[in-house]
Amino acid sequence: MTEEIWGQTRDALQGTIGRNNYLTWIEPLRFVSLQDGVAAFDVATKFMGDWVQRNFGDEIMRQMNKLGGEVDRLSFSVCREAAKDIAVKPYSPAVQATAQKTQHKKMHKPDEILPGAPLDKRFTFDRFVVGKPNELAHAAARRVAEGGPVSFNPLFLYGGVGLGKTHLMHAIAWELQERSPELRVVYLSAEQFMYRFIQALRDRQMMDFKELFRSVDVLMVDDVQFIAGKDSTQDEFFHTFNALVDQNKQIIISADRAPGEIDGLEERIRSRLQWGLVVDLHPTDYELRLGILQQKVEQYQSQQPDLDISQGVLEFLAQRISNNVRVLEGALTRLFAFASLVGRKITLDMAQESLADILRASDRKVTMDEIMRKTCDYYSVRMSDLMSPKRSRNIARPRQMAMYLAKQLTSRSYPEIGRRFGGRDHTTVIHAVRKIEELKSQDSQISEDAELLRRMLEA
Ligand code: ADP
Ligand code: MG
């Protein structure tokens, strides 16, 4: 019976935390028992247990409770016998309350239920890394979060998947909640809006529905493209929207594209959405990705000080993994999981091995040939020189640089790279990569060369 609850919880988790997280963290858990509100699991290492608790504990409990599990805490032990000793600290009552409430989030007034969805604790302004691609969206979100007089209404945020729209909306909600606890702030997805609307229709509670939504101070609707083509939901959304704008209440909307590009959206809604401030989140660039990775590493390290990852590996990830920040985070999480399971330091090789599927999916397809040609142009040497046995500095350095770039920008192995450079041994390539990495931190000319070449190759 309890086994069954866990089985179904696992299925549900695949959908809510993503397949990568599921495979890395949930799959290896061994369910032991569910007794007196404690769900007990066996784990391979203490690190894994801590990690699962910290990152997915709430969600696991939420799912188990949804299935009638009556769980109020989780316990992880490294082996079954030790289960009694390594019981994990119980959740704080506040967290417990959120975990058990699956639909409603009481954000402000505990005496009423607002129609919003729960907010992710991690999605705060503190944890949002600002770079060129998102600085405008961030600045607009900050302004709205100050809660002053409404200056643009709605704020419309749009951008591709995984670029931080939901993160920014939650950050606004957290900040407003902190600054002005009396405000009624409601965040929900357009999909949830639709379900609540349908439910209200079915239960003949449209008056309540209307009243509820018209009485909020700040309304945030995420992924509004979802209601395109759903006519009666759009209609209701439009009325809610107008009623709130008339009362000068702030509205924040997100979508995966600009209002004008959402097919199936009524013209009157489209134009109303454009009244306010429309800002987009651009695809991430290398610098932003690196910044985000560095921030994540610092967060991990504050919990797990012995985790060691070199700048070179971070640069590699920022380089090779595409725009979607969620994918980037997933890669880092997986890397840390591997490192902790095998107890090894994270190297470039290990990153390439353990992330092969992700890397392949976001391969930028820079070829060895391009790397060699551009490097030759850059240093004014001949291709034949790179292949030759010549070892003078003015030839050897460009060759090492090209090998380094080949390792960073392609998925070629050391031996493969060696073969392309006049049949050199893989140890020569390893040496070259190390040499450039070392020089980059000491010699600003070398680091500039590497940076410029990388940009040229990426363009
Ligand atoms: P979207 O809603 O645009 O699809 P999310 O807001 O869900 O994207 O972001 C996806 C993941 O990437 C989240 O875990 C989020 O915290 C993270 N993320 C996105 N942008 C940033 C950023 N600028 N700084 C830190 N984390 C970010
Ligand atoms: Mg989102």
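Hydrogens, waters and symmetry mates play no part in the numbers below; they use all other heavy atoms, side chains included. Numbers here simply count residues along the sequence, with the first being 1. In each ligand, atom 1 is the first atom listed, and ligand 1 is the first ligand listed.
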Student: Salt bridge check: are Asp349 and Lys407 linked by an N-O gap of less than 4.0 Å?
Tutor: yes
Student: For Thr367 and Glu370, test the side chains for any donor-to-acceptor distance below 3.5 angstrom and give the result as yes or no.
Tutor: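 Indeed, the side chains of Thr367 and Glu370 share at least one donor-acceptor pair under 3.5 Å.
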Student: Over 60° means perpendicular and under 30° means parallel, so classify the ring planes of Trp6 and Phe31, tilted if in between.
Tutor: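 Plane angle under 30°, so parallel.
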Student: Are Arg454 and Glu451 close enough for a salt bridge, meaning some N to O gap below 4.0 Å?
Tutor: yes
Student: First locate atom CD1 of Ile198, then atom CD of Glu236, and finally report the distance between them rounded to the nearest 0.5 Å.
Tutor: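 Ile198 CD1 to Glu236 CD: 12.0 Å, rounded to 0.5 Å.
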Student: Shortest non-hydrogen contact from Glu266 to Asp235?
Tutor: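 Where Glu266 meets Asp235 most closely, the heavy atoms are OE2-OD1, 3.8 Å.
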Student: Identify the heavy atoms of Ile252 and Val144 that sit nearest to each other, and give their distance.
Tutor: CD1-CG1, 3.5 Å
Student: Please output the residues near ligand 1 using a strict heavy-atom distance under 4.0 Å, listed in chain and residue-number order.
Tutor: Phe123, Arg127, Phe128, Val129, Asn134, Gly160, Val161, Gly162, Leu163, Gly164, Lys165, Thr166, His167, Ile292, Lys296, Val325, Arg326, Glu329
Student: Within a radius below 2.8 Å of the Mg ion (ligand 2), how many protein N, O or S atoms are present?
Tutor: 1
Student: Given Phe209 and Phe193, is the ring-ring contact (aromatic ring centres under 6.0 Å, His included) satisfied, shown in steps?
Tutor: CA-CA 10 Å; Phe209 178 89; Phe193 181 86; 5.6 Å; yes
Student: Checking side-chain hydrogen bond (donor to acceptor under 3.5 Å, both in side chains) for the pair Asp223/Ser189: CA distance, chi angles, key distance, verdict?
Tutor: CA-CA 6 Å; Asp223 289 317; Ser189 67; over 6 Å; no
